[in-house]
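In this text, all values refer to a predicted model and were calculated from it rather than measured experimentally.
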Amino acid sequence: PIVESGVIDLGRTNNSAMWADIDVNGKVIRVFNVHLETTGFNRTLSRAAKMEMQGTHVESNTLVKAVYGNYTSGMIVRARQADMMAREIKASPNPTIVCGDFNDVPYSYVYHTMKGNLVDGFKECGRGFMNTYRGRKQVRIDYIFHDETLVGESYYKMDLNYSDHYPVFLKIAL
């Protein structure tokens, strides 16, 4: 059963985070779910394609500047959101599981800040190369981390097309 839950305000953004304390056979585990700021690539490319279809030529330099600008601003917002989440995770009174769409790669500031002292389930018990974004970019930007007191048994993704991301799963021993 869910013992308690809450929403985490990430500021002026369309993104959000939440947590739930779940009683698992008398042991309470806090699960965080988060969706951090997007890169903005797809939105920018889509806008440029629409402009081209309407007869407006989009200069390559203009497109590169727009993509770079969106990526840079998204990176700044994600870093701030990751800092906020890291404080929430550290303040948890219970062992934690953190999962969600971080929209950033495993060598980024966001990844390391969100992970903190937690265990990356994929590194613990995943296999091979994993991409979680369904687009052309073969990157892992969706994660499940857990407290060191928990043990992951298996980590995998499913090839479902409900979203532009593949869902990832972590089986944890209790």
With under 30° as parallel and over 60° as perpendicular, where do the rings of Tyr156 and Phe169 fit, or are they tilted in between? parallel
Got a second to check how far Thr13's OG1 is from Arg78's CZ, nearest 0.5 Å? 10.5 Å
Looking at Phe129, is its backbone amide N or carbonyl O close enough to the side chain of Arg140 to form a donor-acceptor pair, meaning the two atoms are under 3.5 Å apart? no
Looking only at side chains, do Tyr133 and Asp101 share a donor and an acceptor under 3.5 Å apart? no
Does the Thr113 side chain pair with the main chain of Ala82, one donor and one acceptor, at a distance under 3.5 Å? no
Mind checking the CD-CG spacing from Glu37 to Asp104? Nearest 0.5 Å is all I need. 11.5 Å
Atom CD1 in Ile172, atom CG in Asp147: separation rounded to 0.5 Å? 9.5 Å
Do you reckon Val139 sits in the same ILVMFWY cluster as Phe102, going by side-chain contacts under 4.5 Å, direct or chained? no
Under the 3.5 angstrom rule, does the side chain of Thr96 hit a backbone N or O of Arg30 as a donor-acceptor pair? no
About how many Å separate CE of Met18 and CG of Asp9, when rounded to the nearest 0.5 Å? 14.5 Å
Examine distances only and state if a side-chain atom of Arg134 and a backbone atom of Ser163 form a donor-acceptor pair shorter than 3.5 Å. yes
Does Tyr155 reach the side chain of Leu170, with side-chain heavy atoms less than 4.5 Å apart? yes
Taking atom NZ as the centre, does Lys171 end up with more than 12 heavy-atom neighbours from other residues, nucleotides or ligands that are less than 6.0 angstrom away? no
State, yes or no, whether a side-chain contact exists between Tyr143 and Pro106 at a heavy-atom distance under 4.5 Å. yes
Is Tyr107 atom OH crowded by more than 12 heavy atoms from other residues, nucleotides or ligands, each under 6.0 Å away? no
Could you grab the distance from atom CZ of Phe145 to atom CD1 of Ile97, nearest 0.5 Å is fine? 13.0 Å
Gln81 (side chain) donor-acceptor with Leu36 (main chain) under 3.5 angstrom: no
Report yes if the side chains of Asn103 and His165 come closer than 4.5 Å at any heavy-atom pair, otherwise no. yes
Would you say that Lys157 contacts Phe122 through its side chain, given a criterion of any heavy-atom pair below 4.5 Å between the two side chains? no
